[in-house]
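So you know, we letter chains A, B, ... as the sequences are listed, proteins then strands, and number each from 1. Below, each value reflects all heavy atoms present in this structure, side chains not excepted, and no hydrogens, waters or symmetry copies.
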Number of protein chains: 2
Amino acid sequence: MGELVLTTFDWVPEPPRGFVRDLRIRWALEEAGLSYRVESTPFRERAAGHFAHQPFGQVPWLTDGDLTIFESGAILLHLGELSDVLMPADRRGRSDTREWLFAALASVEAASQPWSFFMFSGDTGENPMGKFFDDFLYEHRLKHMETVLGGREWLAGSFSVADILMADVLRLVDRFDGLANYPACRAYVGRATARPAFAKALADQMAHFAAAD
Amino acid sequence: MGELVLTTFDWVPEPPRGFVRDLRIRWALEEAGLSYRVESTPFRERAAGHFAHQPFGQVPWLTDGDLTIFESGAILLHLGELSDVLMPADRRGRSDTREWLFAALASVEAASQPWSFFMFSGDTGENPMGKFFDDFLYEHRLKHMETVLGGREWLAGSFSVADILMADVLRLVDRFDGLANYPACRAYVGRATARPAFAKALADQMAHFAAAD
């Protein structure tokens, strides 16, 4: 392992504060007690150097010595393999962690993100596609997550990077009260975000952006 | 490695044939020359046993001995580690493969999937959110993928499971002519799908569903 450097924006507007994806990485680093530095890249002017690390001009990315990694799921997988508090030790638990990292993004967030765009637009009630994306999130995803999370404390046997990712995805859904009918999902987010490492990560992100105001 | 068994639906309607996600897994298995069996689960009645393997009631899932894995990204990562033709051998290439597996799903497909729902709905021209999802796919994703793919043959140094996933995601975009303004993306899909393993996987999927008609 080389020096770990997490890069996020130097500043963002108020609404996304507390929800910028560097939070997921801070949270994992804090859980594991790994030493790291945070660097900033300009939000307003995204230079070629930014795209060299993150081809879509987003954040975060992590460097570990000579490796540079973007995508929160890939970074969490990398960190999970650096610390035994972030991933179970057994073969089944490790495989389940990887599977749920992908599921949090490709199944749950793939439905919650377009739904949240509709919520932000304020266009949910009248737009004929609004009902479609409601159903996609609620009936095709959260209904099933409710069954999964009603039967276990954490996704992969013990707490892991998959829980960091899934809890953060579901936390964004609940920003618009989307978990109101899914008590097991809401309780899971509550369990996850009650962890001291989450509180530290959130406070650090808020302080980072506030310092640039 | 145990016996590899890929499970897909017994039957699907005409429109998704050739695009059901077991294709990604068949393609990787064919590239690697790994021995595998294909099993079927009912499309019309999804039983508890199905949800035990795939909590959202979708396909595919893969069993490898006592492991059962869902999510096409997680299955491709698993297979990538079983065969050196599916992932570069060096540390950087392996990390890049993992990163692009996540990016294909969480960045590109997360934008192309809602866009394709609008295309299927036929509601693109008049729906005020249609323009939003067009921009999300074209300006925030494909424009950047065009730069990436204009500069390299494959995503992670040599052909890998990340290319299988990204090419399949982009192939679905081009079903609605979405790559018309992205010649490097279209050429990449052409390069990937010209591989004999893709042709075999596609023919096998078509034959599998046709046999159930």
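When the heavy atoms of residues 34-69 of chain A are compared with those of chain B, the residues falling under 4.5 Å are Phe51(A), Pro55(A), Phe56(A), Gln58(A), Asp64(A), Asp66(A), Leu67(A), Thr68(A), Ile69(A), listed by number. Against chain B, the residues from residues 71-94 of chain A that qualify, each with a non-hydrogen atom under 4.5 angstrom away, are Glu71(A), Gly73(A), Ala74(A), Leu77(A), His78(A), Glu81(A), Arg91(A), Arg92(A) in number order.
For chain B, the nearby part of Ser95(A) is the side chain; its heavy atoms alone come within less than 4.5 Å. Of the two parts of Phe133(A), only the side chain, counted from C-beta on, holds a non-hydrogen atom closer than 4.5 Å to a non-hydrogen atom of chain B. If you measure heavy-atom distances from Glu109(B) to chain A, you find no contacts under 4.5 Å at all.
Leu105(A) is not listed as a side-chain neighbour of Leu105(B), based on a closest heavy-atom distance of 4.5 Å or more. Put simply, the side chain of Phe117(B) reaches to within 4.5 Å of the side chain of Phe136(A), judged on heavy atoms. The shortest side-chain heavy-atom distance between Phe118(B) and Phe132(A) does not fall under the 4.5 Å cut-off.
Of the listed residues Lys143(B), Met145(B), His140(B), His144(B), the one with more heavy-atom pairs under 4.5 angstrom with chain A than any other is His144(B).
Checked against the 6.0 Å centroid criterion, the rings of Phe70(A) and Phe102(B) do not qualify as a close aromatic pair.
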